[in-house]
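Everything below concerns the one structure shown next.
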Protein chains: 2
Amino acid sequence: MATKGKPMTYSLSEMKDEFIGKTGTKKRDAYEHELSMEVLSYMIKKVRQERNLTQEQLGQLVGVQKAQISKLESSANSATIGTILKVFKALKAEISFHVKIENRKLQFG
Amino acid sequence: MATKGKPMTYSLSEMKDEFIGKTGTKKRDAYEHELSMEVLSYMIKKVRQERNLTQEQLGQLVGVQKAQISKLESSANSATIGTILKVFKALKAEISFHVKIENRKLQFG
DNA sequence: ATAGAAGTTTCTAAATTTGGAAACTTTTGA
DNA sequence: TCAAAAGTTTCCAAATTTAGAAACTTCTAT
């Protein structure tokens, strides 16, 4: 898709800034928060597929029925860290957490 | 601390391989699992300190009593993803998750 | 088109987390 | 040294997650 003069590639951050709002705005915060909420569900599913496993097979590896895998893949935000780690362990996948401290003043009171 | 001839710097992975065991060994797996279990607790505390907050102040930001913050900082593995995200949001910190798929065959049956 | 595989939803009970409140312990700074 | 601040632990109840089982829906390959 050609446009006139404007570069066609943006980094993900730049796109977020432009279309969603700069880091710190309410809209961006909400977006990032929702993104984080569902990213783990997506990851579990993605890795399972990468491993060519059905939910039932993964369930066996974890030691639960397929229904629990399905629920996790649809919404992991209410799952405990321990549960998530158990699943990734069964998938032979290493998960790591990275924290970035934003340069904004905290408000409270 | 000087030694003869041997380089003094290792990457974290190399050190893990040498002192704990290669990825895939039971010992390494156990280590990684335990590490993941507690890293979030550590991160919450670290970021809070980085922000120069007491547990009570962070509690106010999150909307809970300081006791809950203390419990989270001592053991986050049983907390839900949602709870963890709520705390990091209050700390104005972005958390991201990274998954690395290990190249090992899965066994099940 | 269709049957079976794969995935989703619902109901239920047990297990566990969340959070308050208060007592307790440790740390800190004067 | 000591009092106050900061952090931890315990008890309890409400809220929520976990998991099984089964019914239901969607997907897939023939």
Side-chain angles (χ1 to χ4, degrees), chain A residues 33-93 95 97 99 101 105-109, chain B residues 33-93 95 97 99 101 105-109:
Chain A
H33 192 63
E34 299 237 357
L35 188 62
S36 300
M37 281 281 195
E38 297 311 329
V39 74
L40 285 171
S41 303
Y42 177 76
M43 281 177 174
I44 289 172
K45 187 168 187 178
K46 218 41 186 160
V47 176
R48 175 174 68 80
Q49 291 170 337
E50 194 76 30
R51 297 286 198 195
N52 275 298
L53 296 173
T54 63
Q55 291 182 340
E56 182 152 11
Q57 288 168 329
L58 176 56
Q60 283 175 16
L61 288 177
V62 175
V64 298
Q65 304 287 323
K66 67 185 178 183
Q68 317 323 319
I69 304 299
S70 181
K71 287 176 213 167
L72 272 182
E73 288 185 359
S74 80
S75 178
N77 57 293
S78 60
T80 65
I81 305 288
T83 299
I84 299 291
L85 291 178
K86 188 168 63 171
V87 172
F88 279 116
K89 186 179 177 185
L91 284 167
K92 302 285 196 266
I95 184 169
F97 311 103
V99 174
I101 304 181
K105 289 185 189 279
L106 285 174
Q107 302 174 346
F108 63 89
Chain B
H33 192 63
E34 300 237 358
L35 187 63
S36 300
M37 282 283 195
E38 298 312 327
V39 73
L40 285 172
S41 304
Y42 177 76
M43 281 177 174
I44 290 172
K45 186 168 186 176
K46 216 48 183 154
V47 177
R48 174 174 66 81
Q49 290 169 339
E50 194 76 29
R51 296 288 199 194
N52 276 298
L53 296 174
T54 62
Q55 290 182 338
E56 182 151 12
Q57 288 169 326
L58 176 56
Q60 282 175 17
L61 289 178
V62 176
V64 297
Q65 304 286 321
K66 67 185 177 183
Q68 316 321 322
I69 304 298
S70 180
K71 288 176 213 167
L72 272 181
E73 288 186 358
S74 80
S75 177
N77 59 294
S78 60
T80 65
I81 304 288
T83 299
I84 299 291
L85 291 178
K86 185 168 67 173
V87 172
F88 279 116
K89 185 179 179 186
L91 284 167
K92 300 284 197 271
I95 183 169
F97 311 103
V99 174
I101 305 181
K105 289 186 191 276
L106 286 175
Q107 302 173 346
F108 63 90

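Here is how names work: the chains are called A, B, and so on, in the same order as the sequence lines, proteins then strands, and each is numbered from 1. The analysis underlying the following values was restricted to heavy atoms, covering all of them including side chains, and did not include hydrogens, waters or symmetry mates.
The residue from A/Val87, A/Val64, A/Val47 that alone fulfils the side-chain contact (heavy atoms from CB on, under 4.5 Å) condition with A/Leu58 is A/Val87. Just one of A/Glu73, A/Gln55, A/Glu50 meets the side-chain contact (heavy atoms from CB on, under 4.5 Å) condition when paired with A/Lys45; it is A/Glu73.
A/Leu72 has its CG atom 11 Å from the C1' atom of D/dA19, to the nearest Å. Distance CG (B/Leu53) to C1' (D/dA5): 15 Å, rounded to an integer number of Å. Following rounding to the nearest Å, A/Gln55 (CD) and D/dT25 (C1') show an atom-to-atom distance of 13 Å.
Phosphate proximity of D/dT16 to A/Ser78: absent, as no side-chain N or O sits under 4.0 Å from OP1 or OP2.
Rounding to the nearest 0.5 Å places OG of B/Ser74 at 10.0 Å from CD1 of B/Ile44. Atoms CG and NZ, from B/Leu61 and B/Lys89 in turn, are 12.0 Å apart once rounded to the nearest 0.5 Å.
By the 4.5 Å heavy-atom criterion applied to side chains, B/Leu91 and B/Leu53 are counted as neighbours.
With 3.5 Å as the limit, one finds no donor-acceptor pair spanning the side chains of B/Gln49 and B/Lys46.
Near-neighbour residues of DNA chain C inside residues 64-71 of chain A, defined by a heavy atom below 4.0 Å, number-ordered: A/Lys66, A/Ala67, A/Ser70, A/Lys71.
From the 5' end on, the contacts that DNA chain C makes with chain B at under 4.0 Å to a non-hydrogen atom open and close at C/dT17 to C/dA22.
For the pair A/Glu73 and B/Thr83, both in contact range of DNA chain C, the more 5′-proximal nearest nucleotide belongs to A/Glu73.
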Is there a side-chain contact (heavy atoms from CB on, under 4.5 Å) between B/Asn77 and B/Leu40? Walk through the geometry before answering.
CA-CA 8 Å; B/Asn77 59 294; B/Leu40 285 172; over 6 Å; no
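Using a 4.0 Å heavy-atom cutoff across all strands shown, A/Thr80 reaches sugar-phosphate atoms only and no base atom.
Residues passing the side-chain contact (heavy atoms from CB on, under 4.5 Å) test with A/Glu56 are A/Thr54, A/Gln60, A/Lys66, sequence neighbours excluded.
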